[in-house]
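Working notes for the structure below.
Read the numbers this way: they start at 1 and go in the same order the structure lists the ligands and their atoms. Residues take their numbers from the sequence shown, with the count starting at 1.
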Amino acid sequence: MKTEHTLSIIKPDAVAKNVIGAIINRLETSGLMIVNAKILQLTSIQASEFYAAHQNKFFFNELINFMISGPIFIQILKGYQAIKKNREIMGATDPTVALSGTIRSDYGYNCTKNAIHGSDSKKSAIREISYFF
Ligand code: CDP
Ligand code: MG
């Protein structure tokens, strides 16, 4: 019933740091299962479409430039309450305030370069998964 799918993206900063495996290990250890995955380098159009909800935010241009700066690892995670669980393991948007032991606390750098994306709701998860898969 509460088994869900969510979209996770290991962002260009974390891919460049060579920590895809370390991050995946945390997700798997928590009980989430990777059911599909691919590495892509996004175009500006793709990144802008994916983050369309943020197009009026002050950080939009910085976010898009960051997200197209290198390859990303895109994956579908499956598990019990996967959307909420994934967000908990990720930690807060700002790595400097994210709880210790979270992915963003350990691998993020700042509010933009924060290592990982995770869908924030059932509706976002459906949209984001269908955007890439
Ligand atoms: O990713 P999350 O859902 O935690 O945060 P968001 O508010 O949906 O923002 C999406 C992404 O925009 C963040 O993960 C950051 O990469 C970026 N961002 C930023 O560059 N500067 C901010 N002040 C806030 C977010
Ligand atoms: Mg978000």
Side-chain angles (χ1 to χ4, degrees):
M1 180 80 181
K2 276 290 185 180
T3 297
E4 296 172 333
H5 291 81
T6 190
L7 190 84
S8 167
I9 299 177
I10 301 176
K11 294 184 177 182
D13 57 331
V15 172
K17 277 187 191 167
N18 207 22
V19 292
I20 293 175
I23 290 174
I24 285 176
N25 187 43
R26 290 185 184 208
L27 299 172
E28 290 183 334
T29 301
S30 79
L32 294 169
M33 180 173 280
I34 298 163
V35 295
N36 209 336
K38 59 185 168 189
I39 290 179
L40 279 186
Q41 183 153 0
L42 299 184
T43 65
S44 184
I45 289 172
Q46 285 175 310
S48 300
E49 285 175 351
F50 181 76
Y51 277 118
H54 294 305
Q55 62 187 334
N56 295 320
K57 306 270 175 67
F58 70 91
F59 57 80
F60 186 70
N61 287 343
E62 190 179 3
L63 170 62
I64 299 311
N65 286 332
F66 164 57
M67 288 301 294
I68 67 172
S69 66
I72 59 176
F73 186 92
I74 309 170
Q75 54 191 333
I76 302 176
L77 305 176
K78 177 185 173 184
Y80 177 73
Q81 296 187 341
I83 297 165
K84 179 164 162 261
K85 181 182 275 188
N86 182 45
R87 296 280 303 188
E88 283 170 4
I89 300 161
M90 286 165 52
T93 308
D94 180 350
T96 66
V97 303
L99 290 181
S100 107
T102 60
I103 292 168
R104 282 169 162 171
S105 171
D106 289 340
Y107 298 112
Y109 176 67
N110 63 20
C111 276
T112 302
K113 297 176 179 172
N114 59 4
I116 191 162
H117 166 86
S119 308
D120 64 2
S121 66
K122 184 89 191 159
K123 193 176 164 201
S124 301
I126 290 167
R127 185 188 78 83
E128 292 177 0
I129 288 169
S130 64
Y131 187 77
F132 284 119
F133 293 93

The one among [options] that brings a heavy atom closest to [atom]:
atom                    : options             : answer
atom 25 (C) of ligand 1 : F59, F58, Y51, F60  : F59
atom 3 (O) of ligand 1  : H117, R87, M90      : R87
atom 8 (O) of ligand 1  : H54, K11, K57, R104 : H54

So for atom OH, which belongs to Y109, do other residues, nucleotides or ligands contribute more than 12 heavy atoms lying within a distance under 6.0 Å?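 Not more than 12 within 6.0 Å, no.
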Would you say that more than 12 heavy atoms from the other residues, nucleotides or ligands in this model lie under 6.0 Å from the OH of Y80, or not?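 Not buried by this count: 12 neighbours or fewer within 6.0 Å.
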Nearest heavy-atom pair of F50 and R127: which atoms, and what distance?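 Minimum heavy-atom separation between F50 and R127: O-NH2, 2.6 Å.
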Determine, using heavy atoms of [X] and all atoms of ligand 1, whether some pair is separated by less than 4.0 Å.
X    : answer
K113 : no
E62  : no
D120 : no
F66  : no

Going only through I, L, V, M, F, W and Y residues with side-chain contacts under 4.5 Å, is there a path from I68 to Y131?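 Cluster IDs for I68 and Y131 match.
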To check your reading of the model: name the closest protein heavy atom to atom 5 (O) of ligand 1, its residue, and the distance in Å.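 So the nearest neighbour among protein heavy atoms is T93 OG1, 3.2 Å.
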Who's the nearest protein heavy-atom neighbour of atom 18 (N) of ligand 1, and how far?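 Answer for atom 18 (N) of ligand 1: C111 O, 3.4 Å.
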Residue-level breakdown please: for D94 versus ligand 1, do any non-hydrogen atoms fall below 4.0 Å on the side chain, on the backbone, on both, or on neither?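 Near ligand 1, D94 shows nothing, with every heavy atom at 4.0 Å or more.
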Mode of T112 contact toward ligand 1 - side chain, backbone, both, neither (heavy atoms, under 4.0 Å):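 Both parts.
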Using the ring of each side chain (for Trp, its six-membered ring), is Y51 parallel, tilted or perpendicular to H117, with breaks at 30° and 60°?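 Perpendicular: the ring planes of Y51 and H117 meet at over 60°.
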Looking at side-chain heavy atoms only, is the closest gap between I116 and Y107 below 4.5 Å?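 No, every pair of side-chain atoms sits at 4.5 Å or beyond.
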Q75 versus I24: any side-chain heavy-atom pair under 4.5 Å?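 SC-SC contact between Q75 and I24 confirmed.
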Using a 3.5 Å distance criterion without hydrogens, assess whether the side chain of N25 forms a donor-acceptor pair with backbone atoms of G21.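 No; judged by distance alone, with no hydrogens or angles, the pair does not exist.
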Which ligand 1 atoms does N114 reach within 4.0 Å, using its non-hydrogen atoms?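 Those atoms are 13 (C), 14 (O), 15 (C), 16 (O).
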